[in-house]
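Below, chains carry the letters A, B, ... as their sequence lines are ordered, and counting in each starts from 1.
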There are 2 protein chains.
Amino acid sequence: MVSTRAYRGVPADERRELRRSALIETVLDCLRDDGLGGVSVRSVCARSRLTPRYFYENFDDLDQLLVAAVDSVVDEVASASLAAMAAAGDETATQVRAAIDAGYGVVVTDPRKANALLVAAAGHGPLRERRHRVVTDYADLIIDNLPALNALGLSERRRARATALFLMGGSAEVIEAALSGRLRMSRARLVDHLTTMWLGALGAGLGGTG
Amino acid sequence: MVSTRAYRGVPADERRELRRSALIETVLDCLRDDGLGGVSVRSVCARSRLTPRYFYENFDDLDQLLVAAVDSVVDEVASASLAAMAAAGDETATQVRAAIDAGYGVVVTDPRKANALLVAAAGHGPLRERRHRVVTDYADLIIDNLPALNALGLSERRRARATALFLMGGSAEVIEAALSGRLRMSRARLVDHLTTMWLGALGAGLGGTG
DNA sequence: CGAAATTGACAACGACTGTTATCACACTAT
DNA sequence: ATAGTGTGATAACAGTCGTTGTCAATTTCG
């Protein structure tokens with residue numbers, strides 16, 4: 001039943017991975033053009049020039065494909081932000097700006113990813129739960145990598161988590177507005193503004209009501 | 001064709017309004033229980049014990065019903081916040097806290113409304129555009145009603161708008177996390193924290209890079 | 001070459017969709 | 001009481017959905 005030998009030069013598992021990638025890539029297009037409602041097994045298959053058999057070869061469910069697509073975008077954004085943050089200096093302000101700029105760079109280069117991450121992931125059930133988990137994990141990850149935050153106690157850390165959630169949601173809203181054209185700002189100004197928001201909220205959330 | 005005379009004591013236009021309200025009320029239930037995908041003309045009609053005829057009597061389209069439902073929630077939250085802000089004192093901090101508390105009070109009383117506003121409205125096309133417009137209008141409205149902000153110049157006002165978008169998105173994320181149980185916080189602590197975030201971001205956004 | 005595997009196109013199934021129309025029954029008005 | 005209106009249940013239409021299966025053509029391997 002399962003493919004084992006090569007076909008047209010490429011081995012079986014590589015072919016399989018190629019089709020899987022094609023499906024993930026295609027679902028981003030479907031999401032951009034027709035929204036969440038335009039995503040179906042048939043539409044994704046037709047657009048990727050694959051047949052339903054290869055869909056079910058890689059995913060049990062349509063939600064599984066959507067989750068995989070969102071996950072791939074999340075991984076890309078997170079790794080870009082973390083790498084930039086690590087490459088930045090020791091100052092918190094510089095690190096925050098580098099992380100925001102890198103993350104924004106990913107989605108501004110390929111708006112489909114921003115669409116999948118900020119729009120589609122918010123509305124659909126299983127995808128929303130995934131988004132919740134990702135946002136929480138990402139928030140914790142930010143806290144851990146921010147010298148000003150990772151030395152907090154437990155109760156303070158809970159408040160820091162709320163702060164991180166706030167920063168994530170606020171950034172998403174601003175970035176979505178910028179990418180959709182509703183908010184006209186240069187990339188530098190946008191990143192500066194977001195950095196200011198982050199530092200302001202962080203400073204207020206720690207020193208203000210400490 | 002159109003109803004004119006009374007039936008079982010209630011006049012025609014009142015009956016019509018009653019059915020319209022029932023449909024809006026029902027779509028909030030459908031959104032809570034089955035998400036956006038569980039909303040269809042048939043499901044809403046079955047659940048509200050009405051027939052498709054009365055759906056098309058009040059709405060041309062399924063999206064029109066969704067937009068109407070979201071609008072009704074938006075109006076409720078906005079009016080509650082504005083009323084509380086007007087009833088608060090002159091201090092900006094007090095006003096902000098009152099507005100946040102009032103808005104949160106609406107959605108914590110009826111989580112269906114938070115779900116419709118923060119979740120469903122984010123994913124669906126026509127509903128998302130509506131949400132964009134609402135968030136922008138609401139942001140401007142906040143700026144106008146905040147003494148610390150409504151005296152800004154034009155270029156500063158554009159940055160204020162980005163700030164308002166940030167505050168809206170961040171608050172939505174935190175409120176959604178709190179209502180879903182992922183973030184455990186008392187109402188007072190939550191409102192305090194959000195207020196701190198707002199004041200911090202506002203202070204940083206104005207004084208910081210002014 | 002011939003057998004086995006891989007591929008692509010397409011049909012079939014029941015279920016659901018939006019939308020319109022039809023039917024008998026409840027109520028109102030004259 | 002009788003004619004006309006409002007109501008509710010239900011059927012019908014074509015279309016799409018997820019899912020599984022079939023069949024001929026292409027490619028690989030013994």
> Can you give one letter per nucleotide of nucleotides 18-30 of chain C, 5' to 3': B if a protein heavy atom sits under 4.0 Å from the base, S if only from the sugar-phosphate, - if neither?
Replying inline: BBB-----BSBS-

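Per the geometry, CD belonging to A:Gln64 stands 15 Å off C1' belonging to D:dG18, to the nearest Å. Following rounding to the nearest Å, A:Leu50 (CG) and C:dT6 (P) show an atom-to-atom distance of 16 Å.
For A:Val39 against A:Cys30, the heavy-atom pair with the smallest separation is CG2-CB, 4.0 Å.
Considering only residues two or more places apart in sequence or on other chains, B:Thr94 meets the side chain to side chain donor-acceptor pair (under 3.5 Å) condition with none of them. In this view, A:Thr51 satisfies the side chain to side chain donor-acceptor pair (under 3.5 Å) rule with no residue, not counting sequence neighbours.
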>> Set out, in order, the CA-CA distance, both residues' side-chain angles and the distance that settles side chain to side chain donor-acceptor pair (under 3.5 Å) for A:Arg182 and A:Ser180, then state yes or no.
In response: CA-CA 6 Å; A:Arg182 287 176 295 134; A:Ser180 73; 3.0 Å; yes

> side-chain contact (heavy atoms from CB on, under 4.5 Å) between A:His193 and A:Met197: does it pass, once the steps are laid out?
Replying inline: CA-CA 6 Å; A:His193 188 81; A:Met197 294 290 101; 3.9 Å; yes

> Would B:Leu65 and B:Ile24 satisfy side-chain contact (heavy atoms from CB on, under 4.5 Å), going step by step from the backbone distance to the final call?
Replying inline: CA-CA 7 Å; B:Leu65 168 62; B:Ile24 290 181; 3.9 Å; yes

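No donor-acceptor pair closer than 3.5 Å links the side chain of A:Asn58 to the backbone N or O of A:Arg19. Not one N or O on the side chain of A:Glu25 forms a donor-acceptor pair closer than 3.5 Å with the backbone of A:Ser21. The backbone N or O of A:Glu76 sits less than 3.5 Å from a side-chain atom of A:Ser79, completing a donor-acceptor pair.
For the segment residues 12-33 of chain B, residues with any heavy atom less than 4.0 angstrom from an atom of DNA chain D are, sorted by number, B:Arg15, B:Arg19.
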Side-chain donor-acceptor distances from residues 122-130 of chain A under 3.5 Å, at least two apart:
from: A:Arg130; atom 1: NE; to: A:Asp71; atom 2: OD1; distance (Å): 3.1
from: A:Arg130; atom 1: NE; to: A:Asp71; atom 2: OD2; distance (Å): 3.1
from: A:Arg130; atom 1: NH2; to: A:Asp71; atom 2: OD2; distance (Å): 2.6

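Summary of helix geometry: the two end axes of the helix from C:dC1-D:dG30 to C:dT30-D:dA1, each defined by five base pairs via their C1' atoms, are inclined to each other by 0° (rounded to 10°).
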